Amino acid sequence: MDRELASSFVPADIEAPLYEKWIAAGYFTAQASSSKPPYTIVIPPPNVTGSLHIGHALDHTLQDTLIRMKRMKGFEALWLPGMDHAGIATQNVVEKQLATQGITRHDVGREAFVEKVWQWKRESGGVILDQMRRLGDSVDWSREAFTMDAGLSTAVLTIFKKLYDQGLIYRAERIINWCPRCLTALSDIEVEHSDDAGEFVQVRYGEGDIQITVATTRAETMLGDGAVAVHPDDARYQHLIGKEVLLPLANRYIPIIADELVEMEFGTGAVKVTAAHDPNDFEMAMRHNIALVVIMNEHGVMAGSGTRFDGMDRFDARTAVVEALRAEGRIMDEKRPYIHAVGHCSRCETTLEPRLSKQWFVKTAPLAKAAGDAVRDGRVKIEPTELAPRYFDWIDNMHDWCISRQLWWGHRIPVWYGPNDEVIVVGPGEVAPAGYVQDPDVLDTWFSSALWPFSTLGWPAQSEDLKRFYPTSVLVTGYDILFFWVARMMMFGLFAMDGVAPFHTIALHGLVRDQFGKKMSKSKGNTVDPIEFMDKYGADALRFTLARGANPGKDQALAEDWIGGSRNFATKLWNATRFAMMNGANIEGDLPDFATLNAIDKWILSRLAQTVAEVDSLLEDYEFARACELMYHFAWDDLCDWYLELSKERFSSGDCADTKRVLGFVLDQLFRLMHPVMPFITETMWTALTGGESLVTAQWPVAHADHVDKISENLIGELQEIISEVRRFRNDQGIKSSQKIPARFLAPAHIVDYVPAMAFVLRLELGEITPSANCEIGKSKVEFDLTSAIDLVAERARLEKDLANAHKDMQTAQIKLDNQGFMAKAPETVVVEIRERLAKTSSDIEQITAQLSKLLTP
RNA sequence: GGGUGCUUAGCUCAGUGGUAGAGCGUCUCGUUUACACCGAGAAUGUCGGGGGUUCGAAACCCUCAGCGCCCACCA
């Protein structure tokens, strides 16, 4: 084992070798066997997305943090290096990559496209998360290794068939969201609504006695109208219900129907019913048996209306239709612009077209009910709990899920059609009869992603892994994916695994935003590249920054400066450890009996014990940010700035066996504690310090409750006050910190032992002196022998400022104590605290006043 | 339209009833033998506005204003 640390910290030097070490040791494969209770954590795949998105880095950091902690606690933790979940992001990235080579998926067939994808993945090394990217050749990039992605995996076939057999998958002609550019159906959550400027025109239908005016934002669809609907209670239109009215331009007669879906107050109270091009209208049409008239093709071009508008683009047709109606004097009113919500494709932003088409659906009602109940009755917890309502709101009002996609990339729908319109589902191991043709569509990517918690464990086979690791424990992911992925894993998990939810906790974190808190987007160019930052500052620095910013469910702003700060912290730890080891920090033998230690050693152990306890509990509660904050301040402030400084005198005097041992213990424990958030540097320092094999498998620190020692904490608090005050004095007097000053301490008995340590830190030379200046801090006094006269103005200014502060503090305390309501109702502990504050401030005032008067009359 | 969250130091954010905090930035000083990716010191806030509850409010309630996010079949 390397027992020395390099004089400077270079992340790249330690990261790559450690990956190799960890991989070789098998730390990143499923660990079998343990008498301990299984504790498993699902990790989403290390994202074969082709590009590392900062959000993935955050997911990964937090999941890995929990895994490492749990493993150190002795739980069996499962690491799933699976490669499922080829998401929409993958497709986009892959497509973009291919586009740079002049290839589009339309140019090549499905098979060729998929081949290209794998070729590209292999060539580029494929992955890119901080760990995976360094695996390089140790990952099998062959297509076979990714069959879950590419082929019709057994799990997908099995679940599809199971759902189909239970009547939960059906094919239907419905109005779905259709992207005329991507030429595919989209599910509800792939639709992005935005308020767009459109037009709102009122059109008079009919002739003579039978006339009615409807309002629309999509005038061109009137060519496909099958009816006009009014509310059954609408007095204005009672006489028209049941009559037929002339549809202009199309010159057809259509019925006027009554339906409660119509709102009387909106528009004219009369609605055109375009059954094939609007979901509401479709519903009404079904109820009233209205004809479906399709007037637009898949590209959003008018077709089949039998009018002169056929062949026009939908938006051109809109203008043309309005003009034609205007020429006939049928436009009664128009509002332009009319701001209203319009659906767009989440991938290409094209305005969506509701389109009548045959698609496959999952009947979600029973699945969603189960998924909702699992959270409602507490079997699954959502952290933070504030986000649970959002989950319920969505899952309790879910529409049936359109799962067919007209894309190239994905699992093909395992449905085959016979020559006489037979429909069969071909399950795993089955073969379609000759002459049957497979449905050309593929499944929504979330269909297979929903299987992740058990398909990765071998399901539908009853594998050992499945038995041991299902249900998993904690899913950590961003709240933005709650509906897309989490809810679907819940539904399918409960369905496929006999009502056992896939995990007991859903820990949601926020999204990463830019340094100004703005959402990152490619078009704004404010995205950050995590790889670049890892190369520049080290993986630990990026991980620590992400973890430190991760408050449950809240977004975090990420800027290069923060990462630089974390790198500085890592360097600080490195240097402190190097210094400690140079001075003999060790872990040999038992820790000395606590009672025999000096107050400085007791104090750091006390601080350590509290930090360990708090960090442990915070991490268990998924409070990553607060845990990191505590570790940061313990390491930097308590350990580096105070403990090491106060111990220097002891190190130089040689009487420090206990301190060396305590320091070794503190570092050992701190490294264990920090390992989950800074794995590389802690592993390196820990193995150097302890000679241990690996921190990955070391035990998680346990807080020593018996090390918590208020007496030492108070004592060190006094030392800190004295030191700070003398530093201030030196600073105000313009004395260089390197200049040694002859001085004498007049300290109470309990502090006397620590005068040498303080003098060392403060660069004071102890001895008998002729004092020319002094500082008084509480019951202590430090006298100096300054060669030159002190700066009276600066000194007076300092004292006067202290005096003013003390007066202010005393006043606020006094006001409280004079308040009868406060005295009567405030709890005793608070009153005591205020009394003590008053006593302290008044003695401070006395002291400072005396010093000031001495300054005036030396 | 319905939810939901936010508004605290120049910036990004912690802080769920007892004298306002952190990181970064700013200013001054400093090459003290772990560290200039450092050390020491300093400055900085009517805690969005207005009401209320309370002995006491950044925190709890009401209200107003601004911003954000999610959901949404009002043509």
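What's counted below: heavy atoms across the whole structure, side chains too, no hydrogens, waters or symmetry copies. This one's a predicted model, so the numbers in the text were calculated from it and none came from an experiment.
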Notebook entry, point to check: Can you tell me how far C1' of B/C71 sits from CZ of A/Arg390, to the nearest Å?
Noted result: 9 Å

Next item on the list: Go through the structure and list residues passing side chain to side chain contact (heavy atoms under 4.5 Å, CB included) with A/Ala541, not counting sequence neighbours.
Entry: A/Tyr537, A/Ile563, A/Ser566, A/Arg567

Check: Taking atom C1' in both B/U46 and B/G68, what distance in whole Å separates the two?
Finding: 26 Å

Next item on the list: Write down the distance separating the P atoms in B/C13 and B/G48, rounded off to the nearest Å.
Entry: 15 Å

Margin query: Please identify which of these residues, A/Tyr632, A/Trp562, A/Phe624, A/Phe569, meets the side-chain contact (heavy atoms from CB on, under 4.5 Å) condition with A/Arg548.
Written below: A/Tyr632

Notebook entry, point to check: Taking NZ, NE, NH1 and NH2 as the nitrogens, is one of them in A/Asp809 or A/Arg837 under 4.0 Å from a carboxylate oxygen of the other?
Noted result: no

Note to self: Could you tell me how far apart A/Lys335 (NZ) and B/A75 (P) are, to the nearest whole angstrom?
What the structure shows: 11 Å

Note to self: Going by side-chain hydrogen bond (donor to acceptor under 3.5 Å, both in side chains), name the residues that satisfy it together with A/Asp802, two or more places apart in sequence or in a different chain.
What the structure shows: A/Arg728

Next item on the list: Name the nucleic acid region contacted by A/Glu725, choosing base, sugar-phosphate or nothing; use a 4.0 angstrom heavy-atom cut-off, strictly under.
Entry: nothing

Margin query: Without decimals, in angstroms, what is the distance between A/Lys272 NZ and B/C74 P?
Written below: 15 Å

Check: Taking atom C1' of B/G1 as reference, at what distance in whole Å does atom CD of A/Glu263 sit?
Finding: 10 Å

Margin query: Please classify the nucleic acid contact of A/Phe392 as base, sugar-phosphate, or nothing, using heavy-atom distances under 4.0 Å.
Written below: nothing

Note to self: Using a 4.0 Å heavy-atom cut-off to protein, can you give one letter per nucleotide of nucleotides 38-48 of chain B, 5' to 3': B if the base is in contact, S if only the sugar-phosphate is, - if neither?
What the structure shows: SSBSSS-----

Item checked: Separation between the C1' atoms of B/A57 and B/A43, rounded to whole Å -> 27 Å

Next item on the list: Produce a footprint string for nucleotides 11-23 of chain B: one letter per nucleotide, 5' end first; B if the base is under 4.0 Å from any protein heavy atom, S if only the sugar-phosphate is, - if neither.
Entry: -SSS---BB--SB

Next item on the list: Sequence neighbours left out, what pairs pass salt bridge (charged side-chain N to carboxylate O under 4.0 Å, His left out) with at least one residue falling in residues 630-640 of chain A?
Entry: A/Arg607-A/Asp638

Check: When all nucleic acid strands are considered with a 4.0 Å heavy-atom cut-off, which category describes A/Phe9: base, sugar-phosphate, or nothing?
Finding: nothing

Note to self: Under 3.5 Å, is there any donor-acceptor pair linking the side chain of A/Gln202 to the base of B/A75?
What the structure shows: no

Next item on the list: From the options A/Val321, A/Leu247, A/Val293, select the one residue that forms a side-chain contact (heavy atoms from CB on, under 4.5 Å) with A/Leu223.
Entry: A/Val321

Next item on the list: Look at all strands and tell whether A/Met823 reaches a base, only sugar-phosphate, or nothing, counting heavy atoms closer than 4.0 Å.
Entry: nothing

Next item on the list: Please figure out whether A/Pro389 or A/Ile735 has its closest RNA chain B nucleotide nearer the 5' end.
Entry: A/Pro389

Note to self: Between A/Arg798 and A/Glu725, does the salt bridge (Lys or Arg N to Asp or Glu O under 4.0 Å) criterion hold? Intermediate values first, please.
What the structure shows: CA-CA 10 Å; A/Arg798 185 170 69 87; A/Glu725 193 56 27; 2.6 Å; yes

Check: For atom C1', what is the distance between B/A14 and B/U7, given to the nearest Å?
Finding: 15 Å

Check: When the P atoms of B/G66 and B/G56 are considered, how many whole Å apart are they?
Finding: 32 Å

Next item on the list: Report which part of the nucleic acid A/Arg763 touches: base, sugar-phosphate, or nothing (heavy-atom distance under 4.0 Å, all strands).
Entry: base

Next item on the list: Could you tell me the separation between the CG atom of A/Asn575 and the C1' atom of B/C37, rounded to a whole number of Å?
Entry: 9 Å

Note to self: How many whole angstroms separate atom CG of A/Asp188 from atom P of B/A72?
What the structure shows: 6 Å

Check: 5'-most contact on RNA chain B: A/Thr217 or A/Gly821, nearest heavy atom basis?
Finding: A/Gly821

Margin query: When the P atoms of B/U54 and B/G49 are compared, how many Å lie between them, rounded to an integer?
Written below: 22 Å

Margin query: Between the side chains of A/Glu353 and A/Arg314, is the shortest nitrogen-to-carboxylate-oxygen separation below 4.0 Å, so that they form an ion pair?
Written below: yes

Next item on the list: List the steps and the verdict of ring-ring contact (aromatic ring centres under 6.0 Å, His included) for A/Phe483 and A/Tyr391.
Entry: CA-CA 7 Å; A/Phe483 310 134; A/Tyr391 173 80; 7.9 Å; no

Next item on the list: Quickly work out the A/Asn397 CG to B/A72 P distance and round it to whole Å.
Entry: 9 Å

Notebook entry, point to check: Do the side chain of A/Arg730 and the main chain of A/Lys736 share a donor and acceptor less than 3.5 angstrom apart?
Noted result: yes

Notebook entry, point to check: Taking it one step at a time, do A/Tyr643 and A/Phe579 satisfy ring-ring contact (aromatic ring centres under 6.0 Å, His included)?
Noted result: CA-CA 12 Å; A/Tyr643 182 70; A/Phe579 174 73; over 10 Å; no

Checklist line | Closest heavy-atom pair and its distance - A/Ile290, A/Ala227 | finding: CD1-CB, 3.8 Å

Notebook entry, point to check: If you check every side-chain atom of A/Phe483, which of B/C70, B/U32, B/A75 has the closest atom?
Noted result: B/C70

Margin query: Any heavy-atom pair between the side chains of A/His509 and A/Tyr479 that's under 4.5 Å?
Written below: no

Margin query: Taking the C1' atom in each of B/C11 and B/C74, what is the distance between them to the nearest angstrom?
Written below: 43 Å

Notebook entry, point to check: Under 4.0 Å between a Lys/Arg side-chain N and an Asp/Glu carboxylate O for A/Lys536 and A/Glu560?
Noted result: yes

Margin query: In whole Å, I'd like the distance from the CH2 atom of A/Trp574 to the P atom of B/C37.
Written below: 17 Å

Check: Between B/U53 and B/C70, how far is it from one P atom to the other, in whole Å?
Finding: 39 Å

Checklist line | Phosphate OP1/OP2 of B/C70: any A/Tyr391 side-chain N/O under 4.0 Å | finding: no

Next item on the list: For RNA chain B, produce a single dot-bracket line, 5' to 3'. Pairs: Watson-Crick or G-U wobble, both distances under 3.5 Å. Symbols: ( ) within strand, [ ] crossing, | other strand, . unpaired.
Entry: ((((((((.[[[[.)..(..]]]].(((((.......))))).....[[[[[..)....]]]]])))))))....

